[in-house]
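Throughout, protein chains are lettered first and strands after them, A, B, ... in sequence-line order, and every chain is numbered starting at 1. Being a predicted model, the structure only gives us computed values, none of them experimental.
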Amino acid sequence: MKRYSPADIEPKWQKKWTESRIYAAEDFSDKPKFVMLTEFPYPSGAGLHMGHLREYTLGDIIARYKRANGYNVLFPMGYDAFGLPTENYAIKNKISPQIATDQNTAVFRRQLDMMGYSIDWQRSFATSDPDYYRWTQWMFLQFFEKGLAYRDEIAINWCPFCKTGLANEEVVNGRHERCDNLVEKKMLKQWMLRITDYAERLIDGLADVDYPPRIADQQINWIGKSVGAEIDFVIASENPPVIANKTSSVIASKQSMDRHGDKSPRDDKITVFTTRPDTIFGATFMVLAPEHPLVAEITTAEQKVEVETYVRAAQAKSEIERQETDRAKTGTFTGAYAINPANNEKIPIWIADYVLMGYGTGAIMAVPAHDERDWEFAKKYNIPIVAVIARDFGEKLENSKQVEGVVVIGYDPTTKKFMRLTNNNVKSGWLVSGGRDENETFEEAARRELAEEAGYVKIEKLIELGVPVYSYYYNDNKRSNRRSLSHNFLAILDSSQTTSQNQETHEDFSIIWDDFDEIYKNVETTEGGVEHWLHALKQAKVAVKNYEKNEEFTPEMFAGEGIMINSGEFDGQDSTEAGKAIVEWLAKKDAARAKTQYKLRDWVYSRQHYWGEPIPIIHCEKHGAVAVPDDELPVELPPVDHYEPTDDGHSPLSKIDSWVNTTCPKCGEPAKRETDTMPNWAGSNWYYLRYYDAKNDKAFASPEKLKYWGMADLYLGGMEHTTLHLLYSRFHHQFLYDQGLVPTPEPYAARRGQGIVLAADGRKMSKSLNNVVDPTPIIESGYGADAARLGVTFLAPYDQTTPWSPEAVAGCYRFLGRVWNLACDVIASDAKQSMDRHDDKSPRDDVLRILHQTIKKVSDDLERMNFNTAIAALMEALNGFSKDAAEVDREMMSVFVQLLAPFAPHIAAELYEELGNTEPIEKAGWPTWDEKYLIEETMTIAVQVNGKLRGEITVAADASEDEIKTAAVAVENVHSFIGNKKPTRVIYVPGRVVNVVI
RNA sequence: GCGCGAGUGGCGGAAUUGGUAUACGCGUUCGACUUAAAAUCGAAUGGGGAAACCUGUGCGGGUUCAAGUCCCGCCUCGCGCACCA
């Protein structure tokens with residue numbers, strides 16, 4: 001035979017496969033079915049890239065492996081053809097998008113064929129085929145009829161470069177994910193899909209499918225579920241709102257002028273959404289988003305100019321600017337007040353751009369003690385901070401009796417040292433602390449304890465260290481559990497009193513003065529729960545710093561759960577429980593209701609472009625938006641002279657009067673067609689279903705075939721689609737399921753994301769960096785498709801982002817050349833009819849063992865999708881074979897080639913035939929291993945002394961544990977390490993290692 | 001800031017339940033073949049050391065006869081989200 005030459009054998013086999021249709025999937029086959037779905041390509045002008053190569057090669061490996069294992073495999077392919085890139089390509093090259101699509105899909109088809117993929121091409125289509133998008137439009141009308149497709153005029157994301165509206169998911173860091181241009185806000189009347197109705201289902205459905213955690217987490221995160229409550233705050237009536245005049249158009253609205261005059265107090269309320277109703281007693285102000293409709297109504301005359309200025313400034317800020325999180329908080333007071341429904345306190349209403357109109361109600365109750373943003377804001381504008389949740393330290397103890405007390409940290413400003421008490425044990429110490437007596441304030445208790453325990457009475461300044469804390473302990477004397485509410489104080493001592501006086505009650509205590517780090521460490525060594533002391537010390541450190549800078553001490557912000565304080569009847573309750581109780585309590589007064597919020601927004605479904613599915617709606621003056629009747633579908637794209645998008649928010653279709661003007665399907669009166677088209681994602685929402693019945697012209701697919709094929713068993717795709725296509729198509733499918741149109745609640749049984757192939761320099765491949773590697777030239781340069789397939793698979797685990805390595809393909813090519821040469825040798829010699837040779841430990845046994853080990857390893861690795869290590873195992877096997885090449889016969893070589901076939905199908909098919917097999921390799925099934933060939937006569941065991949490797953022993957496979965241990969100790973090197981010491985233990989791990997412990 | 005993941009030779013990466021760290025490939029060095037080069041084949045290859053041996057999986061501790069793997073505390077990088085109340 002000749003040398004290995006992929007250029008000769010690959011096209012030959014590709015032609016055979018196409019002609020024999022050997023990879024066609026069979027509807028209703030008796031075999032178990034397996035749908036291997038890969039994301040279909042967007043047929044851009046650039047052709048197949050490395051990402052495609054990796055994804056489709058992985059898909060093909062699995063498809064071929066499953067087929068060999070007896071599955072009826074559907075491995076389909078289509079084209080996601082509608083959308084901006086094709087339109088831009090067409091405009092640039094002055095051809096129609098249809099022609100551009102035809103040209104590009106032809107290129108893709110040729111390139112995919114070159115790779116030898118086992119695709120069932122009978123079922124292929126492009127989403128821009130009218131036969132296909134007829135059903136895309138039909139499905140849109142199902143949403144429309146159920147009220148899940150609706151029109152709304154809202155401020156949407158607008159890409160000024162692409163001149164189209166975008167969905168939320170298409171905006172990444174304020175930029176359009178496709179063209180990377182900054183996105184603007186624009187008011188447009190848009191078609192929307194009510195994906196928010198499915199928010200809960202989209203989360204719940206993840207429990208029933210096999211997605212990697214990072215994908216499921218990312219979707220859950222994006223949906224952004226928050227459980228909380230809506231609470232109404234009545235606007236205080238003694239501040240009559242000013243009537244805005246006509247010139248102040250920024251905040252004046254017609255509505256506000258109309259509504260002023262006759263309003264009941266109940267109407268004048270601001271509804272907020274909060275996840276922390278438990279903190280409501282600490283709501284010391286409210287904040288409205290600058291765009292909030294009530295801003296104009298409530299602003300007082302004195303504040304009008306300031307508020308208008310602020311609102312204007314907020315509007316002028318770009319989305320990017322408003323999203324910068326490290327920006328200092330800004331805002332302005334409206335002059336109005338609201339009543340906190342929990343405690344009837346009058347609290348000021350501010351506006352600030354850290355509150356977003358697009359989430360919740362666009363208004364918040366601000367609780368500065370327990371929310372970082374509110375805390376920053378309150379600090380800046382000197383708004384009171386009221387703590388209503390106390391930190392809860394240590395483990396909760398049952399049946400605790402509540403006690404109250406103080407902790408006092410003494411500080412000497414002259415020496416800058418902190419005080420601790422101790423007795424004989426100098427290592428540890430404690431802080432001044434004690435219970436509060438009846439009729440005594442906490443501050444009085446603090447002064448008394450400091451005097452009694454430490455003997456200090458002159459205090460320059462006593463500072464309460466923020467929020468009181470709870471801690472738990474067991475009281476030895478009373479033999480019961482205690483829960484202690486402790487107020488913490490920093491006592492800045494008066495420098496005129498340099499030594500302790502009056503130390504009456506506890507003369508056995510002595511005082512130690514420490515630097516902060518020391519006292520922190522020494523208190524820490526005290527037995528028992530001192531967490532709350534450490535917390536108090538940290539607070540004291542901050543307070544000292546403030547004191548030295550002559551600043552007020554601002555209590556810390558605490559956003560966690562804890563115990564209720566300053567909250568009326570709810571005091572002492574656990575905040576989690578109290579939150580629910582407060583909502584119920586307010587609900588009885590009709591001032592609150594439980595509410596779940598999602599970050600997910602409804603899906604902006606309109607695009608102002610030519611190359612997409614026309615939205616099949618007719619606008620009639622009498623009947624409004626009317627669905628195009630089913631028998632008139634598809635609404636085909638009319639030919640146009642200019643495809644360029646316009647700036648006015650309308651698609652080029654709007655310019656074709658003959659197309660736009662039609663009649664109303666309901667009344668026959670003149671009417672106009674909708675001129676917006678659907679987004680790129682519309683076609684990919686359901687394409688997998690079309691593969692099940694691609695030629696059907698009565699339905700998008702027949703119920704029988706939908707039922708037979710069911711869910712896609714494995715869906716391989718890019719991580720970048722997790723919150724785009726993957727989320728959208730799950731929503732779309734769930735809706736179809738609810739209408740009884742598909743038999744499964746989820747579209748994909750399992751999802752895996754392949755990693756990105758970076759350029760060899762470790763950066764992303766991009767035209768601008770000029771580091772793009774195309775797969776096709778690699779094949780054409782002589783390495784061939786098989787080497788390219790091996791190369792991209794061998795690089796790294798399939799789901800890992802990794803740099804491309806041209807040398808890896810060269811290495812794989814060498815490997816295939818060696819496989820080829822070995823097979824040639826086997827065929828040429830042909831002498832070894834030596835199946836019967838069974839000497840002990842013959843070379844033939846070695847070769848057989850290697851073969852069966854490899855069958856096992858490759859099978860296991862393929863099941864776990866460890867493709868790179870499966871290839872390594874094949875390489876190892878070849879290395880082993882090469883050592884005893886004379887022992888390898890045709891049968892063994894055929895099995896090896898079968899194992900190679902999913903990865904490198906062309907060379908495998910060729911060699912399988914050359915090795916004398918009459919049936920094609922596709923009919924050969926998958927090899928199985930026999931355990932009896934795996935058994936070795938001897939085994940090598942490592943010998944350690946105290947866990948360090950000191951030698952090796954080779955023993956018979958059936959040697960007893962005692963024999964092995966004896967042999968291990970006898971090893972000369974081991975012996976020298978043991979010397980005359982006696983081993984205390986000898987540990988034997990079967991088949992692995994002996995460890996001698998001395 | 002929040003969520004997820006990862007740190008192992010010169011490089012990509014291996015390592016079932018804790019059990020001989022660096023499989024496999026690339027690169028490098030030496031050798032064979034050759035007039036020569038390429039291709040191919042063979043050998044070596046974590047670091048230090050002549051060797052015995054020491055040392056070594058991001059850093060610091062811990063558990064264990066034994067730690068890349070488990071626990072505690074950090075650091076760095078990547079991805080996603082980000083003023084979401």
Side-chain angles (χ1 to χ4, degrees), chain A residues 3 172-173 212-222 224-226 228 272-276 279 287 322-327 329 352-356 358-367 370-374 376-377 559 597-600 719-720 722-723 753 755-756 760 762 790-791 794-797 799-812 814-815 817-818 821 860 864 866 868-879 882 940-952 973 976 983-998:
Chain A
R3 284 185 44 151
V172 177
N173 294 327
R214 62 180 169 150
I215 292 178
D217 287 349
Q218 216 172 296
Q219 289 205 343
I220 291 167
N221 214 325
W222 182 262
K225 180 180 177 177
S226 297
V272 303
F273 173 72
T274 178
T275 53
R276 294 295 301 272
T279 64
V287 186
R322 278 192 68 166
Q323 279 176 6
E324 274 169 26
T325 49
D326 47 358
R327 235 177 70 227
K329 299 270 176 298
D353 66 3
Y354 79 90
V355 175
L356 310 173
Y359 183 77
T361 61
I364 61 162
M365 63 176 210
V367 184
H370 304 292
D371 180 278
E372 188 166 11
R373 294 150 304 177
D374 299 344
E376 276 176 37
F377 195 83
Q597 272 291 339
Y598 301 91
K599 282 196 253 181
L600 186 73
M719 283 300 294
E720 71 274 18
T722 300
T723 54
I756 299 164
L790 277 180
F794 185 56
L795 278 183
D799 56 353
Q800 192 171 308
T801 295
T802 191
W804 173 248
S805 158
E807 295 82 11
V809 178
C812 290
R814 276 198 282 275
F815 163 68
R818 286 165 58 218
N821 293 339
D860 286 352
R864 291 186 216 134
N866 294 335
N868 58 329
T869 53
I871 294 171
L874 289 168
M875 290 173 167
E876 241 181 306
L878 183 75
N879 294 343
S882 301
T940 308
I941 291 178
V943 184
Q944 299 176 332
V945 179
N946 286 344
K948 293 202 173 180
L949 184 67
R950 296 302 176 196
E952 272 183 2
N973 194 31
S976 71
T984 51
R985 263 170 92 184
V986 180
I987 292 153
Y988 172 56
V989 183
R992 296 256 179 204
V993 68
V994 174
N995 190 11
V996 182
V997 186
I998 52 173

query = When you match A/Asp217 and A/Arg992 each to their closest nucleotide on RNA chain B, which lands nearer the 5' end?
reply = A/Asp217

ask   = Where each residue is assigned the nucleotide of RNA chain B containing its nearest heavy atom, which of A/Gln597 and A/Leu795 is assigned the position nearer the 5′ end?
value = A/Leu795

task = Do nucleotides 21-31 of chain B as a string where each nucleotide becomes B, S or -: B if the base has a protein heavy atom under 4.0 Å, S if just the sugar-phosphate does, - if no protein is that close.
result = --BBSSS----

message = As a test of reading the structure: which of B/A66, B/U55, B/C81 is closest to the side chain of A/Asn995, going by heavy atoms?
response = B/A66

query = Can you find a pair of side-chain heavy atoms, one from A/Asn868 and one from A/Leu795, that are under 4.5 Å apart?
reply = no

ask   = Is any side-chain N or O of A/Arg985 closer than 4.0 Å to OP1 or OP2 of B/C65?
value = yes

ask   = Contact class for A/Pro213 (heavy atom, under 4.0 Å): base, sugar-phosphate, or nothing?
value = nothing

request  = Round to a whole Å and report the spacing from NZ of A/Lys329 to P of B/C83.
outcome  = 10 Å

message = Counting the atoms with a prime plus P, OP1 and OP2 as sugar-phosphate, which does A/Thr940 contact under 4.0 Å by heavy atoms, base, sugar-phosphate, or nothing?
response = base

request  = Name the closest nucleotide to the A/Tyr359 side chain, picking from B/U16, B/A85, B/C65.
outcome  = B/A85

inquiry  = Under 4.0 Å, heavy atoms only, any strand: does A/Asn973 hit a base, just the sugar-phosphate, or nothing?
reply    = sugar-phosphate

Gap between atoms CG and P, on A/Asn821 and B/C41 respectively (whole Å) = 8 Å

request  = Mark yes when over 12 heavy atoms from residues, nucleotides or ligands other than A/Glu372 sit less than 6.0 Å from its CD; otherwise mark no.
outcome  = no

ask   = Base, sugar-phosphate, or nothing for A/Ile987, non-hydrogen atoms under 4.0 angstrom?
value = base

query = Is the NZ or CZ atom of A/Lys329 both under 6.0 Å from the centre of the six-membered ring of A/Tyr354 and within 45° of that ring's axis?
reply = yes

query = Would you say the side chain of A/Val996 lies within less than 4.5 Å of the side chain of A/Gln944, judging by non-hydrogen atoms?
reply = no

message = Any side-chain to backbone donor/acceptor pair from A/Ser805 onto A/Ala808? Under 3.5 Å, distance only.
response = yes

query = What is the nucleic acid contact for A/Gln800, judged by heavy atoms within less than 4.0 Å: base, sugar-phosphate only, or nothing?
reply = sugar-phosphate

query = Any donor-acceptor pair under 3.5 Å linking the side chain of A/Thr984 with the backbone of A/Val997?
reply = yes

ask   = Which nucleotide, B/G12, B/C54, B/A82, lies nearest any side-chain atom of A/Trp222?
value = B/A82

query = Going by atom types alone, do A/Asn879 and A/Arg818 pair a side-chain donor with an acceptor below 3.5 Å?
reply = yes

request  = Pull out every stem in RNA chain B, meaning runs of 3 or more consecutive Watson-Crick or G-U wobble pairs with both distances under 3.5 Å.
outcome  = B:1-7 with B:75-81, B:10-12 with B:24-26, B:27-32 with B:40-45, B:46-48 with B:53-55, B:58-62 with B:70-74

